[in-house]
Amino acid sequence: MSDNVKSGVDFIRERINKDNETGKYNKQVVTRFPPEPNGYLHIGHAKSICINFGIAREYNGRCHLRFDDTNPEKEEIEYIESIKKDVRWLGFDWGKHLYYASDYFQQIHDFAVNLIKAGKAYVCHLTPEQMREYRGTLTEPGKNSPYRNRSVEENLSLFEQMKNGELDEGACVLRAKIDMASPNITMRDPAIYRIKKAEHHRTGSTWCIYPMYDFTHCISDALEGITHSLCTLEFEINRPLYDWVLEQIGYPHRPQQIEFARLNLNYTVMSKRKLLRLVTEKYVHGWDDPRMPTLSGLRRRGYTPESIRTFAERIGISKVNSTIDYAFLEYCLREDLNMRAPRVMAVLKPLKVVIDNYPDDTVEWMPAINNPEDESAGEREIPFSNVLYIEQEDFSLNPPPKYHRLSPGKEIRLKHAYYITCTSVVQDESTGKITEVHCTYDPASKGGWTDDKRTVRGTSHWVSAAHAKKAEIRLYDSLFTNENPDDDSEGKTFIDYLNPNSLEALSGCLVEPGLEKAKPGDFFQFLRQGYFCMDPDSTSENLVFNRTVTLKDTWAKLQKKNG
RNA sequence: UUCCCGGUAGUGUAAUGGUAGCACCACAGACUCUGGAUCUGUUCGUGGGGGUUCAAGUCCUCCCCGGGAAGCCA
């Protein structure tokens, strides 16, 4: 690493570079991702995962996955499994470095005993209400607890009783003895151990006291040899306590906490509490509902791990509270899918087209390129016959200006097939609805091209009626109508901003026959429609696809602009 | 009201005393068998006042604005 600080390097890497220059950690970089197993991971966690695992990879270090499981009341094994799955899916590997804070309960306990012996911690019998009073306020200092000067022997004995389950839950806590007048309230004799007689998902009933986050996290970091403990801004105020604990316990390795801003995205909510509510109150179909910003939801929606990693990298790292445009995430997604998604044809809202001059006993298999962005993706063949379906939107009886699609007398190109010209339409006598469009085709245009200089502006996708497979296609839109669903001014809550049209399920869609062989999770570009992926609900009788994201649609934009 | 952290185009993010740059969005155009992709261009910015300096987004100072903090949550 050069002596000059490089342009474009964020403040965390800058710090690591400096540590490597000074040899602070012997050029080791060890980070960790420390989720609490009390919910599913979301896109905000993805940023943290990419930073922690990404930096470790970049500096040839390592990143630990550590479950911060110090609160048995809220944590469940289900969440542990989903978290592991999501981290792996994102493309990261903790190798053998899978840890649980609960692995350290004995050591953490021993450090607490030492702290008591050093006169730096005491058992406090103030009730929670009293503790709040004694803590003071943001503007006033706190008062010392009457239990603050208990003898070491008494504290040791009391803590032992807490540990042995001889005291009731809530009866007392172990507190660090720091400074009740500190301007930083975190330092006003914080609780470091509380009594909880709950069954822990890993340690069972071994413990009835559990260490608090502030005491657990820094010790876990030290024990694991973490060098750079990267966390979000809300822990900034806890940093003096992090350092205080490590200073007191005198452990030889000293990790350092560095904070960065958490990710905010517009049109979504990120709090675990709110996501949980969406699930439990059934506003969505589960944690992996494709409208959810959870990693399992994004995965089912069709987001690729690559695009999420790229996104995380591009948004950068800073200490500024910021909100990223959802459009930027979609940009990263489209960029990835554009290069990799096979193109196929699917008709969402079918309109029957009959080619009157095409023999009704003939089927031609037309070669179709799979991905114009990737020659190696090759070609496939799709069947063409005299009865087809095109998109309802691709035909208009009274076309608006600049409409380049099919209308009476107009000629368009059927992608990979022929030019067709509309000769007549069949309408339902009572409703006026167009039920069938009749066309003629130009045999000289086979493959979608002619040698004359004829220009055909419009190109439609289509499927052959006799060969197409039926499918259900789920069109997703933003879950919220408000850019900032967390905005609770005007007495509203995020529930009030739910988008009633966030899901439109279409049945009777028709897709080209090859899609029958797709597997859940496979992604495609449905030509001119967007990117879609096969949903796990899919069966051989009922193909199901989710719309991941639309293509940019300048025609829709034009129409919108013109009212 | 106290303490801490921040403030660069609409949104993100660079510039570490020396030309305010990049990306997304928006808009306009070119090109195109996807109204896709690609390419080109345009609008738009250092929160404010003082100060130091040949030179300030950057250093000093005062102010303004935003966020966080009073769990036996993490």
Side-chain angles (χ1 to χ4, degrees), chain A residues 4-5 7-10 14 34-36 38 68-71 73-75 124 126-128 131-133 135-142 169-175 182-186 188 190-196 209-210 212-214 216-217 231-240 259 261 266 272 314-332 334-335 338-339 343 345 369 372-373 402-405 412-417 419 445 447-449 455-461 525-530 550-559:
Chain A
N4 299 322
V5 180
S7 160
V9 170
D10 60 74
E14 195 175 311
E36 182 187 13
N38 69 344
D68 215 337
D69 55 351
T70 58
N71 189 346
E73 287 166 354
K74 293 194 193 169
E75 297 153 5
C124 181
L126 250 26
T127 65
M131 228 205 261
R132 199 178 313 125
E133 284 165 32
R135 190 155 31 228
T137 67
L138 296 175
T139 54
E140 298 161 301
E169 231 174 86
C172 56
V173 294
L174 183 68
R175 289 227 256 172
S182 172
N184 180 348
I185 294 180
T186 307
R188 319 240 262 228
I192 56 175
Y193 259 95
R194 76 291 215 191
I195 301 169
K196 269 188 198 294
I209 52 171
Y210 291 92
M212 302 283 291
Y213 166 84
D214 284 309
T216 309
H217 201 84
C231 64
T232 45
L233 246 28
E234 69 268 26
F235 294 101
E236 204 160 29
I237 198 145
N238 300 55
R239 180 163 21 105
E259 312 85 11
N266 57 13
K272 282 185 185 174
R314 287 180 181 166
I315 56 176
I317 310 176
S318 75
K319 299 191 69 155
V320 187
N321 292 299
S322 57
T323 302
I324 313 283
D325 280 336
Y326 205 91
F328 189 60
L329 212 209
E330 293 185 327
Y331 164 78
C332 295
R334 287 194 186 100
E335 181 185 54
N338 177 47
M339 299 308 294
R343 271 61 169 173
M345 295 202 282
I369 192 163
E373 304 292 333
K402 295 190 178 167
Y403 187 83
H404 301 138
R405 308 176 185 189
I412 62 158
R413 168 172 36 241
L414 293 179
K415 182 76 177 176
H416 305 306
Y419 292 174
S445 65
W449 195 245
T455 58
V456 174
R457 279 294 298 269
T459 300
S460 282
H461 56 280
Q525 184 194 104
F526 287 181
L527 226 58
R528 301 205 305 137
Q529 295 287 350
T550 60
L551 255 22
K552 276 212 249 173
D553 190 345
T554 55
W555 169 244
K557 195 185 283 181
L558 221 194
Q559 281 178 303

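Numbers restart at 1 for each chain; the letters A, B, ... are given by sequence-line order, proteins then strands.
- Taking atom NZ of A/Lys319 as the reference point, atom C1' of B/rA14 lies 18 Å away to the nearest angstrom.
- The two residues A/Cys332 and A/Arg314 have their closest heavy-atom pair at SG-NH1, 3.7 Å.
- No engagement by A/Met339 is indicated, since no non-hydrogen atom pair under 4.0 Å with the nucleic acid exists.
- Considering only residues two or more places apart in sequence or on other chains, A/Asn38 meets the side chain to side chain donor-acceptor pair (under 3.5 Å) condition with A/Glu36, A/Lys272.
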Can you list the steps and then say if A/Met212 with A/Leu174 is a side chain to side chain contact (heavy atoms under 4.5 Å, CB included)? CA-CA 10 Å; A/Met212 302 283 291; A/Leu174 183 68; over 6 Å; no

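- The separation between A/Glu236 atom CD and B/rC3 atom P is 16 Å, rounded to whole Å.
- When heavy atoms are screened at a 4.0 angstrom cut-off, A/Tyr419 is found touching no nucleic acid atom at all.
- Taking atom CD1 on A/Ile237 and atom C1' on B/rG67, their separation rounds to 12 Å, with Å as the unit.
- Here B/rU53 sits opposite no nucleotide as a Watson-Crick or G-U wobble pair (both hydrogen-bonding atom distances under 3.5 Å).
- Where A/Glu169 and A/Lys557 meet RNA chain B, the nucleotide closest to each residue was compared, and A/Lys557 sits on the side nearer the 5' end.
- Distance noted for atom P between B/rG57 and B/rU52: 16 Å (whole Å).
- B/rG45 takes the anti form, because its glycosidic angle lies more than 90° either side of 0.
- Heavy-atom minimum distance, A/Asn266 versus A/Tyr326: OD1-N, 2.8 Å.
- Note: CZ (A/Phe328) to P (B/rA23) measures 11 Å, nearest angstrom.
- Across all strands shown, B/rA30 is found opposite B/rU38 as a Watson-Crick or G-U wobble partner, with both distances under 3.5 Å.
- Residue A/Pro34 is classed as having no contact, given no heavy-atom separation below 4.0 Å to the nucleic acid.
- Separating the C1' atom of B/rA26 from that of B/rA9 is a span of 12 Å, rounded to the nearest Å.
- Base engagement by A/Leu126 is indicated by at least one non-hydrogen atom pair under 4.0 Å involving a base atom.
- The nucleotide B/rC73 finds no pairing partner, because no Watson-Crick or G-U wobble arrangement with both distances shorter than 3.5 Å includes it.
- Nucleic acid contact class of A/Ile315 (heavy atoms, under 4.0 Å, all strands): sugar-phosphate only.
- Put simply, CD on A/Glu259 is 14 Å from C1' on B/rG67, counting in whole angstrom units.
- Base-pair partner of B/rG6: B/rC65 (Watson-Crick or G-U wobble, both distances under 3.5 Å).
- Base engagement by A/Arg343 is indicated by at least one non-hydrogen atom pair under 4.0 Å involving a base atom.
- Of all nucleotides listed (B/rA14, B/rC3, B/rG35), B/rG35 comes nearest to the side chain of A/Trp555.
- At a cut-off of 3.5 angstrom, counting only N and O atoms as typed in the model, there is no donor on one side facing an acceptor on the other between the side-chain of A/Glu373 and the base of B/rU38.
- Contact between the side-chain N/O atoms of A/Ser318 and the OP1/OP2 oxygens of B/rU13 is found at a separation under 4.0 Å.
- Residue A/Leu233 is out of contact with every strand shown, counting any heavy-atom pair closer than 4.0 Å.
- Spacing of P atoms, B/rG48 relative to B/rU38, comes out at 36 Å, to the nearest Å.
- A donor-acceptor contact under 3.5 Å is not formed by the side chain of A/Glu140 with the base of B/rU2.
- Taking the C1' atoms as reference points, B/rG12 lies 15 Å from B/rC44, given to the whole Å.
- At a threshold of 4.0 angstrom between heavy atoms, the contacts of A/Gly458 with the nucleic acid are absent.
- Residue contacts for A/His416: at a heavy-atom cut-off of 4.0 Å it reaches a base atom on one of the strands shown.
- Look at A/Tyr213 and the base of B/rA74; the rings do not stack under the cut-offs of 5.5 Å between centres and 30° between planes.
- Nucleotides B/rG6 and B/rU40, compared at atom C1', are 38 Å apart to the nearest Å.
- Judged by distance alone, with hydrogens and angles left aside, A/Arg314 brings no side-chain donor or acceptor close enough to the base of B/rG12 to form a pair under 3.5 Å.
- With rounding to whole Å, A/Ile317 atom CD1 is found 17 Å from B/rC5 atom C1'.
- Residue A/Arg194 places at least one side-chain N or O under 4.0 Å from the OP1 or OP2 atom of B/rC73.
- Whole-Å rounding puts the A/Glu234 CD to B/rC73 P distance at 17 Å.
- If you check every strand for non-hydrogen atoms under 4.0 Å, A/Tyr193 touches nothing.
- Within the nucleic acid shown, A/Asn266 has no heavy atom closer than 4.0 Å to any nucleic acid atom.
- For the OP1/OP2 pair of B/rU2 and a distance below 4.0 Å, the side-chain nitrogens and oxygens of A/Thr137 include no atom meeting the criterion.
- Checked against A/Thr459 for a side-chain contact (heavy atoms from CB on, under 4.5 Å), the options A/His404, A/Arg405, A/Lys415 give a single hit: A/Lys415.
- Closest heavy-atom contact between A/Arg188 and A/Ser182: NH1-O, 2.5 Å.
- Comparing A/Ala327 and A/Val320 by the nucleotide of RNA chain B whose heavy atom lies nearest to each, the residue mapping closer to the 5' end is A/Val320.
- OP1 or OP2 of B/rG71 sits under 4.0 Å from a side-chain N or O of A/Arg135.
- Heavy atoms of A/Arg334 sit nowhere under 4.0 angstrom from any nucleic acid atom.
- If you check every strand for non-hydrogen atoms under 4.0 Å, A/Thr216 touches nothing.
- Side-chain N/O atoms of A/Lys196 include one lying less than 4.0 angstrom from OP1 or OP2 on B/rC73.
- As judged by a 4.0 angstrom heavy-atom cut-off over every strand, A/Lys552 is placed among residues touching the sugar-phosphate backbone only.
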Check: For A/Arg334 and A/Thr550, what are the C-alpha separation, side-chain angles and deciding distance, and is it a side chain to side chain contact (heavy atoms under 4.5 Å, CB included)?
Finding: CA-CA 9 Å; A/Arg334 287 194 186 100; A/Thr550 60; 3.6 Å; yes

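- Atom CZ of residue A/Arg413 and atom OG of residue A/Ser445 lie 9.0 Å apart, to the nearest 0.5 angstrom.
- Comparing B/rU34, B/rU2, B/rC73 by their closest approach to the side chain of A/Thr139 singles out B/rU2.
- Separation of the C1' atoms belonging to B/rC54 and B/rC59 is 16 Å when rounded to the nearest angstrom.
- The minimum heavy-atom distance linking A/Thr186 with A/Ile237 is given by the pair OG1-O, 3.7 Å.
- A/His461 places its NE2 atom 15 Å from the P atom of B/rG36, with the value rounded to the nearest Å.
- Separation of the P atoms belonging to B/rU8 and B/rG45 is 14 Å when rounded to the nearest angstrom.
- Going from the C1' atom of B/rC64 to that of B/rC27 covers 34 Å, rounded to whole Å.
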